[in-house]
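Chain A is the first sequence line, chain B the second, and so forth, proteins listed ahead of strands; every chain is numbered from 1.
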Amino acid sequence: MPKPSKEQKFNALYSEWVQPLFRFIYYKAQDQSLSEDIVQDTFVKFWDKMETVGEGKEKAYLFASAKNLFLNKIAHDKIVDTHMKTQTEAIVKSPHYDLEMTEFQQKLNEAIEKLPHKQREVFLMNRIDGYKYREIAALLDISQKAVEKRMSQALLALRKLHDKI
Amino acid sequence: MNNKDQINFDNDFDKQLLRWFDGDLHGAELTDFEADPRLIEYQQIGEQSNKITVPSVNQDSLLDKIKTEIKEKESVETKVIPLWKKLASIAAIGITIFAALTLFSSDISVNSHHAIQLSHALPDGSQVILNSDSELEYENNFTEERTLNLDGEAFFQVEKGKSFTVVTDEGSVVVLGTSFNVLSRDGVFVVSCKTGKVQVASNKQSKIITPGERVRFTKGQVSAVEKINPLKIDNWTSGESYFERAPLQEVINSLSHKYDLDIDLPSAYHGKLYTGSYIHSDLEKAIKMVLVPMGVEYSIDNDKVNLH
């Protein structure tokens with residue numbers, strides 16, 4: 001069988017990782033177009049570096065690179081968490097959630113949006129992507145203990161919703 | 001003891017809770033844990049948060065953008081080519097262009113008539129809203145060149161990618177990915193930037209404008225860049241044309257194209273500036289909205305508006 005070309009290899013990795021990468025950034029950014037831009041930049045950069053990234057290391061490279069691009073972006077634009085909670089963002093985002101939400105779902109969504117982005121990404125990677133703590137730790141390049149701590153903090157914050165209702 | 005304000009890592013329940021969320025409890029341990037009444041609240045959090053839908057990307061269109069950007073970057077890395085090869089390749093390009101022009105000269109043309117506004121999607125995903133009595137034209141290979149011709153007024157929302165050029169009789173506009181408005185007719189060329197960065201060139205003079213800025217060329221002469229309200233730049237696309245310190249003649253021209261009117265503005269009013277708006281749905285009201293605040297007396301006789 002002939003060796004796949006660089007482009008074929010790139011296309012395969014793109015199809016495999018584009019959506020998970022997008023969600024990964026979206027959990028932090030909560031902004032569709034910003035997240036798309038970062039995913040675009042990540043793959044453009046990856047094309048240049050593909051030959052130097054070892055076989056099997058592509059996923060880790062893509063996530064690390066997307067994370068760095070995101071951090072540079074917020075450092076550059078000074079868009080911290082507060083920016084992401086503006087009125088317009090909330091309106092843009094609402095159609096993605098179920099139209100008929102119970103009061104609890106609504107409160108839960110709001111509470112998730114308000115979590116610090118480090119806790120939010122761990123919680124959503126676990127809930128939506130079904131990643132194990134071990135996998136999240138590898139993708140975020142932090143220890144599993146740190147993941148568990150963030151998950152506990154997220155759960156504690158969300159648990160308080162019950163006291164309010 | 002369950003301390004609500006702190007998850008205690010030594011607490012068995014909390015330890016198991018973490019493992020439960022990780023899908024790491026099995027067998028009897030799982031059964032026992034799921035029987036714990038304290039779990040109910042967390043179960044609800046877990047179940048409801050699984051229902052959250054996160055948006056996704058359009059992966060084909062994003063891949064196109066990525067490939068375009070990669071190609072562009074690679075073409076920028078210029079190589080030194082011996083002169084004879086250069087000449088040969090220029091000749092080859094010349095022949096290709098000639099062939100392309102003769103073989104595929106079918107252009108795409110979009111026209112809007114009086115009182116009609118058109119929304120048009122370009123092949124690269126960019127959006128154009130064409131104001132009344134305006135014309136847009138581009139070639140079949142638009143996605144490669146991203147160049148189009150405009151006569152009249154249009155608001156553009158440009159997809160990110162390589163440069164996007166709007167050519168008009170009065171000058172041209174080059175952008176990368178942004179939204180902006182172009183008005184080019186009756187010898188007037190006005191470009192307003194809503195987002196991103198826009199380069200405007202006319203008659204060998206060039207200006208770069210940023211969001212909330214407007215540049216005006218009158219008979220090829222550029223005037224100073226002005227600040228305007230970026231939120232109102234594309235107001236005309238939703239039924240009401242808005243003007244900020246616009247020459248009255250320009251507003252009258254806009255009305256004429258919108259309602260197919262014939263209005264002569266007496267020279268006494270030339271140079272007067274108008275700030276305000278007119279609606280697209282009612283001719284008489286529209287005229288009133290423009291002329292009354294400017295103190296112009298008028299009468300309407302069929303489709304002819306007479307100014308006094």
Side-chain angles (χ1 to χ4, degrees), chain A residues 7 10-11 14-15 18-19 21-23 26-27 32-33 35-37 39-44 46-48 92-93 95-98 101-102 104-105 107-109 111-112 123-124 126-134 136 144-145 147-149 151-156 158-163, chain B residues 2-11 13-24 38-74 77 125 157 159-161 177 179 195-196 231:
Chain A
E7 182 150 7
F10 181 85
N11 289 352
Y14 173 83
S15 311
V18 61
Q19 301 295 359
L21 264 180
F22 170 79
R23 285 197 297 274
Y26 187 83
Y27 298 151
Q32 171 104 22
S33 78
S35 309
E36 273 187 37
D37 285 352
V39 171
Q40 179 173 346
D41 293 349
T42 305
F43 279 102
V44 169
F46 180 63
W47 175 264
D48 284 342
V92 171
K93 208 152 49 210
H96 300 306
Y97 297 108
D98 289 342
M101 283 192 292
T102 62
F104 181 75
Q105 279 173 314
K107 288 250 161 60
L108 180 66
N109 287 342
I112 291 174
F123 181 77
L124 292 176
N126 171 271
R127 291 288 84 206
I128 306 225
D129 299 86
Y131 286 124
K132 308 279 278 176
Y133 301 150
R134 169 171 41 77
I136 300 173
Q144 184 168 336
K145 269 268 163 287
V147 173
E148 287 172 6
K149 192 167 172 215
M151 184 73 183
S152 301
Q153 288 164 336
L155 286 174
L156 177 68
L158 299 176
R159 157 75 184 70
K160 284 185 180 158
L161 278 173
H162 285 285
D163 298 341
Chain B
N2 183 20
N3 184 345
K4 280 187 179 177
D5 289 309
Q6 199 183 344
I7 288 195
N8 180 351
F9 280 90
D10 298 328
N11 179 317
F13 175 79
D14 292 333
K15 267 191 192 165
Q16 284 186 319
L17 179 68
L18 264 184
R19 287 177 56 207
W20 183 73
F21 268 104
D22 204 18
D24 203 24
R38 286 175 292 177
L39 183 63
I40 295 170
E41 292 170 339
Y42 290 106
Q43 230 163 359
Q44 198 182 3
I45 291 171
E47 277 165 18
Q48 298 298 336
S49 57
N50 287 352
K51 285 191 196 155
I52 293 173
T53 48
V54 173
S56 58
V57 271
N58 178 336
Q59 74 186 68
D60 294 338
S61 79
L62 188 65
L63 185 60
D64 286 345
K65 284 190 212 167
I66 290 168
K67 295 257 162 100
T68 312
E69 202 182 325
I70 289 171
K71 262 190 216 141
E72 212 173 300
K73 271 176 82 181
E74 287 183 345
E77 290 159 12
Q157 188 118 31
E159 280 290 305
K160 253 188 154 183
S179 55
T195 59
L231 298 177

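Side-chain contact between B:D14 and A:S152 is absent, with no heavy atoms from C-beta onward closer than 4.5 Å. The shortest side-chain heavy-atom distance between B:L17 and A:L155 falls under the 4.5 Å cut-off. Looking at B:F21 and A:R127, their side chains come closer than 4.5 Å, going by heavy atoms from C-beta outward. Under the 4.5 Å side-chain criterion, counting only non-hydrogen atoms from C-beta, A:F46 is not in contact with B:I70. A:N11 is listed as a side-chain neighbour of B:K67, based on a closest heavy-atom distance under 4.5 Å. Under the 4.5 Å side-chain criterion, counting only non-hydrogen atoms from C-beta, A:Y14 is in contact with B:I66.
The contact between A:S15 and chain B is made by backbone and side chain atoms together, counting heavy-atom distances below 4.5 Å. Proximity to chain B is limited to the side chain of A:Y27, based on heavy atoms less than 4.5 angstrom apart.
Closest heavy-atom contact between B:S49 and A:L108: N-CD2, 3.7 Å. The shortest non-hydrogen separation linking A:Y133 to B:D22 is N-OD1, 3.0 Å. Across all their heavy atoms, B:P55 and A:Q32 have their closest contact at CB-OE1, 3.0 Å. Across all their heavy atoms, A:E36 and B:L62 have their closest contact at O-CD1, 4.1 Å.
Atom CZ of B:R38 sits about 10.5 Å away from atom CZ of A:R159, to the nearest 0.5 Å. Separating the CD atom in B:E41 from the NZ atom in A:K160 is a distance of 13.0 Å, to the nearest 0.5 Å.
For A:D41, there are no salt bridge (charged side-chain N to carboxylate O under 4.0 Å, His left out) partners at least two apart in sequence or on another chain.
Side chain of A:Q19 to backbone of B:V57: a donor-acceptor contact under 3.5 angstrom is found.
With chain A as the partner, the residue from B:N58, B:D24, B:L63 showing the most heavy-atom pairs under 4.5 Å is B:L63. Counting heavy-atom pairs under 4.5 Å between each of A:K132, A:E7, A:R23 and chain B puts A:K132 at the top.
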